[in-house]
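Since the structure comes first, as structure tokens, the remarks are kept for the end.
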Amino acid sequence: MNDVIKLLPDSVANQIAAGEVIQRPASVIKELVENAVDAGATVIKIFLKDAGRTLIQVVDNGEGMSETDARMAFERHATSKIRNAEDLFALQTMGFRGEALPSICAISQVELKTRTDDSLIGTRLIINGSKVETQEPCVCDKGVNISVKNLFFNVPARRKFLKTDSVEISNVMREFERLALVNNNIRMSLDTGSKVIDLRAATMKQRIGDIWKNNLDLHLLPIDIDTSLIRISGFISRPEYARRRNPLQYLIVNGRNMRHPYFHKAIMSCYEPLIAPETQPCYFLKFEVDPSSIDVNIHPTKSEIKFEYEQQIWPILQASVKAALGKFGAVPSIDFNSDVLPVDPLPIGETPDVPTLDIPTNYNPFKVENDTAQAINPFSTGNNRSNSSKFHRNWESLYADFMNGNRGSSKSQTLEKTTTVEKSDFIPYKKDSKNLQAKDDVLPEMNREESVGDLCIQYAHKYIITSSMEGLIIIDQYRAHLRILFEEYLQKIRKEELVSQGVMFPETIALDDSMQVALSDVIGNLQKVGFTIEASSGNNWNITTIPAMLRNSEAADVVISILESVIEDSPNYGKEGVSEENLSKKMALIMARSGAIRRGKKLSSDEMEHIVSKLFSLPDPLYTPEGNIIYCRLDNSALEGMLK
């Protein structure tokens with residue numbers, strides 16, 4: 001039998017490794033910049049062409065490489081960072097595997113120019129798909145100048161599935177922001193061809209302000225706590241500046257970005273009683289721990305880190321965040337040692353004036369001058385204050401009657417019952433069944449004769465309950481309205497029937513660089529649905545017109561949500577551009593979420609009638625666009641079984 005196991009060539013092995021290390025142009029930039037940081041660079045410049053497809057160039061002023069090192073750097077598992085396995089537990093550098101450069105040159109054409117400080121002549125090296133073509137002396141500046149050309153030129157499948165230029169540039173910018181935040185002491189610049197970002201070497205707080213602008217650095221609270229186990233420093237945002245969309249959340253350990261859901265939960269738990277449920281705070285926290293207590297060698301991109309003392313760090317992190325929120329919170333404290341009083345004191349022996357009410361003693365608070373029908377009606381949509389002003393308010397008599405058990409006349413009992421119904425979670429009304437045109441395929445497992453009953457109630461301000469021939473139907477009011485609005489918006493977007501309206505006071509939104517790139521990609525689609533967005537100053541944009549069916553207060557959230565859906569890593573956005581149909585559905589869904597009634601809202605009879613009739617007229621009313629169930633049915637047989 002012939003041997004079948006063969007050793008793979010280095011070029012094939014490098015392409016396999018590249019599949020894990022290099023996913024897109026942003027991955028190349030991450031690896032090259034981290035190498036420059038390890039080389040002691042104080043200035044790093046990045047240049048892109050065609051969003052990194054044609055060219056990615058990184059220039060640094062680090063220590064550079066000799067002629068031999070330049071050649072060895074592209075060999076697999078060749079590195080200057082570690083010497084033995086024990087060094088993995090005392091890492092002080094970003095790289096250590098020796099896989100980045102050989103992986104990059106396996107799927108691209110690389111040109112390297114480098115020179116050390118003690119050399120007069122540098123080295124120029126050209127590698128084409130892992131094959132060294134030339135190596136020769138050259139004149140160049142100290143440091144490294146590396147150009148990665150035609151990324152994935154020999155892996156067509158990978159190149160084909162790169163996203164649009166706007167999506168790839170957005171990913172590059174987000175990676176650049178992470179790298180710039182970690183290395184705030186290094187001057188870094190990015191030139192995408194259409195935009196240049198130049199960041200000075202600065203403190204961490206200054207770097208945050210330089211990257212995200214909009215006075216974000218003025219809304220941050222500092223954290224600096226040092227223990228024998230960990231040192232935590234950085235900044236968290238004030239609770240009032242929590243974001244609904246695009247929160248900036250960065251955790252850094254020993255100079256390395258990381259994702260850590262466990263620590264994220266610890267931070268969020270401190271904010272839970274202070275912010276709205278749908279918002280999240282921003283935080284920029286650096287951890288400094290003993291390198292031997294963490295393991296960064298668990299993911300090819302080194303973005304996941306395992307902590308040995310994870311559970312012990314949790315309370316330290318919580319305590320530091322809570323201390324910052326308490327120390328620098330907006331709630332004023334009382335200084336008991338101060339001699340200054342908040343108001344002028346009264347002279348000795350005088351008492352403050354107490355306002356009194358001149359109420360006749362013969363007034364009966366339950367007596368209604370007009371007919372009982374003029375009593376406060378909890379279901380009325382009109383203004384009830386005029387009616388309530390007709391009630392006499394003898395509060396002493398009311399209190400005496402209450403203590404004696406006297407509930408008043410029959411008219412007061414009628415008013416009491418009406419008020420009790422208002423506080424109830426059940427709102428009964430009679431339904432006009434003629435408004436419901438049920439189809440054979442409207443409700444799964446329901447017949448045409450099984451129309452919605454003539455009695456509907458609202459329970460817990462969340463559900464609408466109605467009856468059918470087969471049992472009870474329980475409808476989630478938010479999901480039902482979401483599905484109704486989604487269908488309406490989608491049809492109008494497809495037919496371009498959405499009407500726009502101007503706003504008296506334009507709403508200003510702040511967009512980071514990645515979102516501005518996404519906006520340029522879909523601004524035409526936003527105009528079709530009724531949005532007009534104009535550039536203002538810096539990163540600010542003004543929303544001057546909105547769809548007529550959309551409330552102005554939610555316009556900013558809708559636009560930001562649409563932009564986030566464009567830049568997210570989704571297969572729907574391929575090389576050819578944004579899919580018109582998928583984008584239309586996303587826009588319709590986001591607008592429907594913004595306009596749908598929330599759980600907890602009390603509905604009137606007309607509102608419930610509209611929701612039920614509209615829902616059951618849809619072709620498929622059972623599911624929301626996300627696939628959640630809208631209603632369920634409790635069969636008569638099940639009800640009978642419960643009552644046995």
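Remember, predicted model here, so these are calculated numbers, not experimental data.
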Output yes when a side-chain donor or acceptor of [X] lies under 3.5 Å from a complementary backbone atom of [Y], and no otherwise.
X: S119; Y: G122; result: no
X: S237; Y: A242; result: no
X: T544; Y: T532; result: yes
X: R115; Y: T123; result: no
X: E507; Y: N542; result: no
X: N254; Y: V289; result: yes
X: N154; Y: G129; result: no

Look at [X] together with [Y] and state whether they make a salt bridge at an N to O cut-off of under 4.0 Å.
X: E626; Y: R593; result: yes
X: D224; Y: R231; result: yes
X: R174; Y: E177; result: no

Separation of [Y] [atom2] from [X] [atom1] (nearest 0.5 Å):
X: L519; Y: N525; atom1: CG; atom2: CG; answer: 11.0 Å
X: L48; Y: L190; atom1: CG; atom2: CG; answer: 5.5 Å
X: I46; Y: D191; atom1: CD1; atom2: CG; answer: 10.5 Å
X: R187; Y: L199; atom1: CZ; atom2: CG; answer: 9.5 Å
X: I146; Y: K113; atom1: CD1; atom2: NZ; answer: 12.5 Å
X: S108; Y: I22; atom1: OG; atom2: CD1; answer: 8.5 Å

Can you find a pair of side-chain heavy atoms, one from [X] and one from [Y], that are under 4.5 Å apart?
X: R200; Y: M188; value: no
X: F284; Y: L248; value: yes
X: F74; Y: L112; value: yes
X: L55; Y: V148; value: no
X: Y489; Y: M587; value: no
X: I223; Y: Y283; value: no
X: I267; Y: L285; value: yes

Consider only side-chain N and O atoms of [X] and [Y], and report whether a donor and an acceptor are under 3.5 Å apart.
X: N184; Y: T203; result: no
X: S500; Y: T545; result: no
X: Q57; Y: N145; result: yes
X: N540; Y: S536; result: no
X: S66; Y: T68; result: no

(request) Would you please indicate yes or no on a ring centroid separation below 6.0 angstrom for Y241 and W212? (result) no

(request) Pick out which of E136, E67, E133 makes a salt bridge (Lys or Arg N to Asp or Glu O under 4.0 Å) with R124. (result) E136

(message) Going by salt bridge (Lys or Arg N to Asp or Glu O under 4.0 Å), D165 matches just one of K49, R24, R53. Which one?
(response) R53

(message) For K585, is the NZ atom crowded, meaning more than 12 foreign heavy atoms sit under 6.0 Å from it?
(response) no

(message) For a ring-ring contact (aromatic ring centres under 6.0 Å, His included) check, start with the C-alpha distance between W541 and F531, then their side-chain angles and the critical distance, and finish with the verdict.
(response) CA-CA 12 Å; W541 295 71; F531 286 104; over 10 Å; no

(request) Before giving the answer on side-chain hydrogen bond (donor to acceptor under 3.5 Å, both in side chains), spell out for N150 and Q109 the whole-Å C-alpha distance, their side-chain angles and the decisive distance to 0.1 Å. (result) CA-CA 6 Å; N150 300 322; Q109 299 165 338; 2.7 Å; yes

For [X] and [Y], work out which heavy atoms get closest and say how close.
X: E168; Y: P25; result: OE1-CD, 3.5 Å
X: M204; Y: G234; result: SD-CA, 4.2 Å
X: S584; Y: I493; result: OG-CG2, 3.7 Å
X: Q23; Y: R158; result: CA-NH2, 3.4 Å
X: R243; Y: L216; result: NH2-CD1, 4.3 Å
X: A180; Y: I211; result: CB-CD1, 3.9 Å

(request) Test L251 against N257 for side-chain contact (heavy atoms from CB on, under 4.5 Å), laying out the working first. (result) CA-CA 6 Å; L251 291 176; N257 275 293; over 6 Å; no

(request) Start with the C-alpha distance between F287 and F263, add both sets of side-chain angles, then the distance that settles ring-ring contact (aromatic ring centres under 6.0 Å, His included), and finish with yes or no. (result) CA-CA 11 Å; F287 295 175; F263 292 153; 5.6 Å; yes

(request) Check the pair V43, I186 against side-chain contact (heavy atoms from CB on, under 4.5 Å), reporting the backbone distance first and the verdict last. (result) CA-CA 6 Å; V43 178; I186 299 176; 5.8 Å; no

(message) Determine whether L220 and R238 satisfy the following criterion, side-chain contact (heavy atoms from CB on, under 4.5 Å), listing intermediate values before the conclusion.
(response) CA-CA 6 Å; L220 299 178; R238 294 179 179 272; over 6 Å; no

